[in-house]
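The structure under discussion appears below in the form of structure tokens.
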Amino acid sequence: MTTVESPPTAQPIWRPPAGALWSGRWVDGASAMPVRDPEDGSLLGHVTDTSPAEVDQAVTGVAAAGTSGEEWPAWRRREALDAAARLVLRRREVLTEVMSREGCKTVREATAEVSRAAETLRLSAQQTGRLTGETLPFSDTSRGAGRLGWYTREPVGVVAAITPFNDPLNLVAHKVGPALAAGNGVVLKPAEATPLTALAFAEILLDAGVPAERLAVVPGTGAGTGRALVGHPLVDLVSFTGGFRTGNEVARAAGAKKTLMELGGNNAVLVLDDAAREAAAHAVVAGAFGVAGQNCLSVQRVFVSSRIADRFIRDVVTATEALRVGRKADSRTDIGPLISEREAGRVQEWVREAREGGAELRTGGQRAGAFHWPTVLTGVPADAKVMTEEIFGPVLVIEPFETVDEAITRANDTRYGLQAGIFTAALETALDVAERLRVGAVMINDSSDFRIDAMPFGGPKRSGVGREGVRYAVEAMTEPKIVAVRRSA
């Protein structure tokens with residue numbers, strides 16, 4: 001692994017028309033907050049730190065557009081979202097630069113995310129033609145005599161979308177695209193660290209034909225802006241992606257309203273003795289250390305058959321040490337910084353705790369500012385944070401097992417249940433393991449870090465409430481509306 005090179009002098013970055021968007025126009029609020037590059041702390045610009053009073057303006061405006069504004073039929077929604085998908089690709093360079101500069105993604109990772117966001121918008125556009133209902137079986141009961149009826153799917157109203165820093169474009173698209181496709185208005189609060197990407201995305205949506213009155217972007221803090229948004233009485237549904245503790249706070253602030261929440265994972269991969277060992281090792285390394293481990297799908301725990309454990313660990317360590325740590329803008333970089341020096345320090349502290357408890361450091365462990373080197377640990381105590389909590393950093397734990405039953409038990413021994421992976425040549429075994437793992441998705445002969453944007457995405461336990469994925473988000477963001485007719489006698 002290479003050492004981090006000194007960053008160059010900061011260059012100009014795309015600037016939004018203003019620090020926020022509400023009431024159908026770009027605005028600068030009463031207060032501002034800085035946006036900095038986590039790699040070197042350089043100032044990239046300022047956005048609005050939206051106050052509760054300004055949040056009220058934003059939500060009230062979006063709600064009014066939905067109830068008394070100009071009609072926005074499904075075919076127009078489809079055209080706007082399709083146009084937005086094309087514009088995202090045409091503005092790839094700007095989006096890549098903004099995403100990489102203000103966030104933690106390398107330029108290669110940011111470039112790939114642009115393509116995924118365009119696909120998410122395309123999938124959202126397709127859903128506008130699938131907002132169908134069905135007739136109801138009134139003739140199935142004597143009480144239904146002389147009646148006929150049906151239901152349609154109607155928008156819930158105003159969707160509050162709160163997004164994280166780690167996928168600042170595609171996860172915004174995953175909330176805003178389905179909400180607009182369903183006919184809702186949206187008030188978006190992006191992560192404090194990555195608001196510029198969200199504002200650049202909003203500009204694309206407006207240029208593509210999304211009515212400005214139906215979309216607001218309110219940057220700010222979670223305690224101020226976020227709390228005011230989710231608790232607003234005109235918000236009908238809250239879609240949140242983030243950590244479990246914050247999710248609890250969101251639920252308390254939201255009160256009795258619909259929520260859709262993805263709250264993270266502590267994902268396990270099982271490597272059986274008949275697995276393609278080297279392929280499994282490379283998949284695990286890619287799944288553990290992409291975006292410096294700051295991914296809810298990251299591989300965090302690997303349980304490997306004791307028969308191949310020594311060789312597998314060597315393969316993983318070799319692949320890990322081949323990764324290049326460096327500047328995000330360098331196309332050769334594999335691992336960039338964490339989102340802040342504080343987060344890198346937290347990861348380092350969790351590694352230290354595990355080592356003091358008896359864990360063996362196989363590679364990595366060092367830190368420089370916001371950078372933390374990819375780290376592989378073995379012999380980790382069962383109660384160490386790197387084993388029990390979502391680390392959200394570049395740390396991988398590998399532990400041997402004797403029987404498949406033991407591996408399944410240990411994989412399930414977590415308060416999360418997002419995704420898991422299993423490597424084996426035996427299909428029957430793979431299907432049996434998949435059935436017994438308590439997670440939202442099992443990847444066979446792949447790591448936990450795989451998702452297509454059409455999947456129903458989420459998991460049980462602490463991993464969330466409901467399912468994302470475009471089709472499933474659209475369903476959650478609509479409600480059935482029944483019309484029943486009593487025929488004259």
Side-chain angles (χ1 to χ4, degrees), residues 112-113 116 119-120 123-124 127 164 166-167 170-171 173-175 177-178 239-244 247 259-272 275 279-280 282-291 293-304 389-392 396-397 404 407-424 426-476:
E113 185 171 341
R116 282 194 64 183
E119 182 173 296
T120 299
L123 292 170
S124 298
Q127 291 302 313
N166 58 314
D167 286 313
N170 192 42
L171 287 182
H174 257 286
K175 298 184 184 302
S239 180
F240 169 79
T241 298
F244 175 76
T259 57
L260 185 63
M261 296 198 284
E262 193 276 289
L263 303 177
N266 179 356
N267 307 299
V269 168
L270 282 61
V271 182
L272 277 54
H282 283 281
V284 162
V285 169
F289 300 129
V291 201
Q294 298 164 110
N295 183 354
C296 59
L297 293 180
S298 289
V299 182
Q300 184 168 328
R301 299 171 298 143
V302 177
F303 300 102
V304 57
E389 301 294 331
E390 181 181 36
I391 191 164
F392 226 63
L396 177 65
V397 174
V404 174
I408 294 169
T409 298
R410 295 173 72 182
N412 283 335
D413 186 20
T414 173
R415 290 175 289 182
Y416 295 91
L418 192 52
Q419 293 196 174
I422 175 173
F423 287 86
T424 177
L427 179 59
E428 285 299 320
T429 301
L431 295 177
D432 177 64
V433 172
E435 187 174 313
R436 296 166 63 190
L437 288 171
R438 194 176 174 215
V439 294
V442 178
M443 304 296 128
I444 296 175
N445 289 325
D446 213 336
S447 82
S448 62
D449 183 30
F450 178 78
R451 173 189 181 185
I452 64 169
D453 297 297
M455 287 166 52
F457 180 66
K461 298 189 280 187
R462 277 192 171 189
S463 284
V465 178
R467 293 292 186 271
E468 290 198 331
V470 175
R471 170 187 165 188
Y472 310 93
V474 168
E475 183 173 339

In Å and rounded to the nearest 0.5 Å, what is the [atom1] to [atom2] distance from [X] to [Y]?
X: Arg462; Y: Leu263; atom1: CZ; atom2: CG; result: 9.5 Å
X: Asp167; Y: Asn295; atom1: CG; atom2: CG; result: 6.0 Å
X: Leu260; Y: His174; atom1: CG; atom2: NE2; result: 11.5 Å
X: Met443; Y: Ile422; atom1: CE; atom2: CD1; result: 12.5 Å
X: Ser448; Y: Leu437; atom1: OG; atom2: CG; result: 11.5 Å
X: Gln300; Y: Ile391; atom1: CD; atom2: CD1; result: 6.0 Å

Determine the minimum heavy-atom distance between [X] and [Y], stating which atoms define it.
X: Ala454; Y: Leu123; answer: N-CD1, 4.0 Å
X: Ser447; Y: Phe423; answer: N-CZ, 3.8 Å
X: Ala411; Y: Leu270; answer: CB-CD1, 3.8 Å
X: Lys175; Y: Ser239; answer: NZ-OG, 3.0 Å
X: Pro460; Y: Gly417; answer: CD-O, 2.9 Å
X: Cys296; Y: Asn166; answer: N-ND2, 4.3 Å

Judged by atom type as modelled, is there a donor-acceptor pair below 3.5 Å linking the side chain of [X] to the main-chain atoms of [Y]?
X: Gln127; Y: Pro178; result: no
X: Glu113; Y: Asn170; result: yes
X: Asn412; Y: Arg438; result: yes
X: Glu262; Y: Gly458; result: no
X: Asn445; Y: Thr424; result: yes

Legend entry - side-chain contact (heavy atoms from CB on, under 4.5 Å), paired with Arg301, selected from Asn267, Thr414, Val269: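 So, applying the side-chain contact (heavy atoms from CB on, under 4.5 Å) to Arg301 and each of Asn267, Thr414, Val269, only Thr414 qualifies.
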Legend entry - Verdict with supporting geometry, Glu390 and Leu418, side chain to side chain contact (heavy atoms under 4.5 Å, CB included): CA-CA 11 Å; Glu390 181 181 36; Leu418 192 52; over 6 Å; no
Inset, instruction - Return yes when atom CZ of Arg471 has more than 12 non-hydrogen atoms of other residues, nucleotides or ligands closer than 6.0 Å, and no otherwise. - result: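 No, the 6.0 Å shell around CZ holds no more than 12 heavy atoms from other groups.
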Legend entry - Check: Leu396 and Phe289 side chains under 4.5 Å, non-hydrogen atoms: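 Side chain of Phe289 against side chain of Leu396, heavy atoms only: contact under 4.5 Å found.
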Legend entry - Val433 side chain near Val442 side chain, heavy-atom distance below 4.5 Å: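 Answer no - side chains too far apart.
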Inset, instruction - Decide whether a cation-pi geometry holds between Arg451 and Phe457; the criteria are a distance under 6.0 Å from NZ or CZ to the six-membered ring centre and an angle within 45° of the ring axis. - result: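 Cation-pi check for Arg451 and Phe457: passes.
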